[in-house]
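Have a look at the structure below before the remarks.
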Amino acid sequence: LGFVVSRAPCNFSSYQVRTSYETMQTLVAISLLWGVDAFLPAVLHPNKPHHSFAFRQLATVAENESSSLTADNEQKNDQENEKHAQAILETMASLKSTATDYAHQFGLDPATEGAFYALFSAIQKLDFVRQQKPFVLRHEQVQQLAWGNDPVNWPGFFAMEPDLAKALEDDFLDAARGSTDNRKGWQITDVSVPRGESFEEARMTFDDVQSALDKGTVIFNAAGAHISKLAGPTLACTDATWLPCALNLYITAAGKRTSAPPHTDKQDVVVIQSTGSKHWKVYSPPNPADKPQAEMFARGKMEDSLPLYLMESDLGCELLLETSLYPGDVLFIPAAFPHTTSTIPNADNDHPATDDTSLHMTMGLDHHIWELDYLSVRRLALRRAGVADTALGRMMDDENAYTGACNELPANVRKDLFAELPLGFLNEEMDDTAKSAMMDTVTQEVKRISHAVDEATASQVPDSIWRETVERVRQQGVELLDVHRDMYLAALEEGRVREQEEAMTAHLHKDSDATNPAPKVIMSPERVQRLSLFRVKGFFDTIDQSKKQLREWSYGDQTAAGGVATPAQGGDAASTADLPADWAFTMPVKVGDQVEADLGGAFFPATVTRAVNNKIFDVEYFDGDRDTNMERSQIKLLKPPKVTAEKDEVDTSGMTPKQLKRWKKQQEKLNK
């Protein structure tokens with residue numbers, strides 16, 4: 001009462017209020033003093049601030065307790081990281097022989113890809129994805145404790161020169177650049193635009209990348225599929241975890257105060273620093289219920305800002321880990337955990353400050369990307385059973401299932417619903433008994449979670465549908481796994497072919513130097529057809545077909561009257577039977593349409609943000625990334641556009657706002 005009447009300014013964060021029992025006793029005593037010390041002055045002099053003795057005592061206690069809590073949490077987090085690191089290192093040591101054999105099997109380096117295989121096998125065996133705990137491994141620890149002091153060649157494995165420079169010379173690669181404003185969502189733009197219409201003029205160059213580094217972080221998505229040297233680590237990650245995985249490459253100039261604003265990702269990621277250094281802060285996730293229409297796996301991207309000061313105050317995000325990574329170091333960050341980075345030189349006792357460009361590889365464990373989680377299994381089972389999801393909605397293909405009512409569920413139910421299917425779910429080496437046990441476990445778990453979400457909808461799904469759905473999801477997951485393995489093996493093979501070709505022509509430039517440079521790689525028609533943009537596309541076409549088959553299976557033979565509407569039944573959409581076979585890549589696309597867009601050779605969910613004459617498009621992807629100036633062939637409609645009821649049957653979907661306004665005025669005049 002004294003606090004309220006005195007109107008003394010007091011602003012303690014929720015973090016500071018989480019005090020110990022002893023401190024609470026002190027606060028109670030001070031509150032009694034406050035009643036006397038603050039009440040009378042407030043009544044007598046209501047317009048004066050009253051920083052009384054009681055107020056000063058309370059502020060002092062809270063400040064001391066906050067510092068104590070911060071130190072205690074740091075110590076606790078350090079102890080947890082040490083425990084996790086020790087478990088990973090011990091498991092890696094036990095797998096060294098197996099990992100070495102794996103590397104030899106594929107003609108890879110045991111000290112590089114073999115060590116990667118051991119790392120990801122340890123993550124899979126210890127189920128760190130389910131534990132949802134970030135951790136750090138130092139290169140020195142891996143080399144000494146896990147690899148018996150044998151070399152682990154992660155430092156400098158992939159560098160700007162010669163590796164990236166050569167990859168750009170040998171191939172036709174694409175990259176994006178991330179923004180650096182930590183007050184706004186992470187924005188993505190193109191690194192370069194074609195300088196002309198010829199093949200050489202359209203290629204991105206090493207100079208383009210270096211110029212882009214002045215403005216932000218350069219990102220090569222799906223680099224493991226496009227760059228041969230990175231295919232080996234990506235294959236090792238995929239094989240060790242029994243999961244379709246991907247590798248992205250991130251390059252940042254030294255001295256960037258913000259190299260990536262605070263954001264979350266849809267993947268569990270394993271970061272391996274190759275060159276330079278990068279400073280990381282990793283936080284606990286914000287409560288999704290505070291902003292249910294935002295996807296928890298894409299916070300801090302595009303229009304959704306996640307500034308640091310809000311995370312540390314209003315959103316209650318706890319700083320779990322703050323560290324600098326140096327060449328060969330490893331960092332694990334669970335999906336949906338906010339993180340931010342910088343490249344300000346930060347010397348310590350073991351690592352002198354450096355102005356080297358930071359380059360790190362991020363391995364994505366892509367459960368949520370490929371819908372290998374309980375939310376997706378539940379959604380498919382309800383569709384298959386013809387049950388409308390009255391609890392969560394979001395049943396159509398063009399709706400984001402990770403937004404809306406699902407974020408307002410009780411925290412424990414939401415956590416279970418968003419959880420990934422077990423690592424090893426797609427393991428093709430399981431015997432029949434182990435496979436049956438795995439299917440039983442996952443089926444019972446998705447049923448339990450679905451009943452916790454909403455008893456009414458879950459009880460309408462027959463037991464046979466739950467089991468059938470789990471088996472069908474596994475079937476598709478294995479298909480995706482096999483496609484990814486083949487894609488990375490093809491990249492490795494292409495790298496070996498290029499090495500042989502270079503060996504055959506080495507005598508032509510053995511005397512090359514700065515004044516007499518080696519001739520450029522000749523792009524013969526045969527070699528052009530082997531470029532990664534053509535090679536990778538075929539694999540992702542297969543992936544798209546697999547996704548389509550699963551989607552069609554989930555709808556079965558349902559009609560709109562019988563339960564869940566299929567994509568072609570939404571409203572007055574056109575029937576696909578009356579459309580050309582390539583309608584998804586040719587029919588008009590307008591701003592706001594939910595589509596799938598080509599990202600590094602693969603098609604992923606996106607929203608159209610700009611459309612010019614049905615030829616040029618900008619899109620925003622499901623995870624907040626953005627692409628610009630895309631061609632119609634790179635945009636795939638998920639359902640036919642609606643058929644207008646206009647008697648003159650004029651298609652207005654491709655009109656600009658000005659053209660549409662003029663057309664409407666013409667119609668108004670005609671109708672008068």
Side-chain angles (χ1 to χ4, degrees), residues 84 87-99 101-102 105-106 113-133 135 233-247 266-270 332-335 363-378 380 415-449 466-486 488 546 550:
H84 297 327
I88 288 285
L89 293 168
E90 290 176 357
T91 307
M92 286 183 67
S94 70
L95 294 167
K96 181 181 178 183
S97 177
T98 302
D101 291 342
Y102 171 85
Q105 177 184 353
F106 293 100
E113 289 90 351
F116 280 130
Y117 183 84
L119 169 64
F120 289 105
S121 294
I123 290 173
Q124 189 268 330
K125 288 180 179 296
L126 297 172
D127 204 8
F128 266 99
V129 170
R130 297 281 288 182
Q131 293 188 40
Q132 296 285 285
K133 298 289 185 181
F135 66 82
T234 320
L235 178 67
C237 177
T238 298
D239 282 344
T241 58
W242 292 101
L243 188 70
C245 296
L247 183 154
K266 206 162 189 170
Q267 311 94 320
D268 302 283
V269 299
V270 179
F332 173 75
I333 305 175
M363 306 283 195
L365 308 183
D366 293 345
H367 281 99
H368 301 296
I369 297 292
W370 304 117
E371 300 181 342
L372 293 168
D373 54 34
Y374 288 101
L375 181 146
S376 299
V377 176
R378 173 186 177 274
L380 290 168
K415 180 180 179 181
D416 290 345
L417 182 66
F418 285 2
E420 301 94 338
L421 300 181
L423 275 176
F425 178 67
L426 306 181
N427 187 340
E428 297 178 83
E429 295 180 355
M430 285 189 292
D431 59 31
D432 291 342
T433 302
K435 178 182 174 182
S436 179
M438 174 69 81
M439 296 299 100
D440 289 343
T441 298
V442 174
T443 300
Q444 292 303 315
E445 183 67 356
V446 72
K447 284 175 60 179
R448 180 191 70 78
I449 294 170
W466 293 117
R467 177 62 178 244
E468 181 187 12
T469 303
V470 171
E471 291 178 344
R472 185 63 182 82
V473 168
R474 184 179 186 276
Q475 176 188 331
Q476 195 232 10
V478 170
E479 291 173 1
L480 298 181
L481 178 64
D482 289 343
V483 172
H484 278 75
R485 292 189 77 255
D486 291 344
Y488 301 138
S546 178
L550 178 64

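For clarity, every value in this text was computed on a predicted model and none was experimentally measured. Note that these values count all heavy atoms, side chains included, but never hydrogens, waters or copies made by symmetry.
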Holding to salt bridge (Lys or Arg N to Asp or Glu O under 4.0 Å), I want the full list of residues that pass it with Glu90, two or more places apart in sequence or in another chain.
none
Taken in chain and number order and not counting sequence neighbours, the residues that satisfy salt bridge (Lys or Arg N to Asp or Glu O under 4.0 Å) with Arg467 are Asp440, Glu471
Checking Arg485 now: which residues fulfil side chain to side chain donor-acceptor pair (under 3.5 Å) with it, not counting sequence neighbours?
Asp239
State whether the side chain of Thr441 and the backbone N or O of Ala437 hold a donor-acceptor pair below 3.5 Å, judged by distance alone.
yes
Main-chain N/O of Thr433 paired with Ser436 side-chain donor or acceptor, under 3.5 Å
no
Once rounded to the nearest 0.5 Å, what's the spacing between atom CG of Asp101 and atom CZ of Phe106?
12.0 Å
How many angstroms lie between atom OG1 of Thr241 and atom OH of Tyr117, to the nearest 0.5 angstrom?
9.5 Å
At what distance, to the nearest 0.5 angstrom, does CZ of Phe425 lie from CG of Leu243?
11.5 Å
According to the interplanar angle, ranging from 0 to 90°, do the rings of Trp370 and His484 count as parallel (below 30°), tilted (30 to 60°) or perpendicular (above 60°)?
perpendicular
For Pro244 and Leu426, which heavy atoms make the closest approach, and how far apart are they?
CD-CD1, 4.0 Å
State the OG-OH distance between Ser121 and Tyr102, to the nearest 0.5 angstrom.
9.0 Å
Asn427: which residues meet the side chain to side chain donor-acceptor pair (under 3.5 Å) condition with it, sequence neighbours left out?
none
Testing the 3.5 Å rule here: is there a donor-acceptor pair between the side chains of Asp373 and His367?
no
Residues forming a salt bridge (Lys or Arg N to Asp or Glu O under 4.0 Å) with Lys447, sequence neighbours excluded
Asp463
If I take atom CZ from residue Phe332 and atom CD1 from residue Ile123, how far apart are they, to the nearest 0.5 angstrom?
6.5 Å
Nearest 0.5 angstrom please: Met430 CE to Met438 CE, how far?
5.0 Å
Return the set of residues passing side chain to side chain contact (heavy atoms under 4.5 Å, CB included) with Asp432 (not counting sequence neighbours), or none when no residue passes.
none
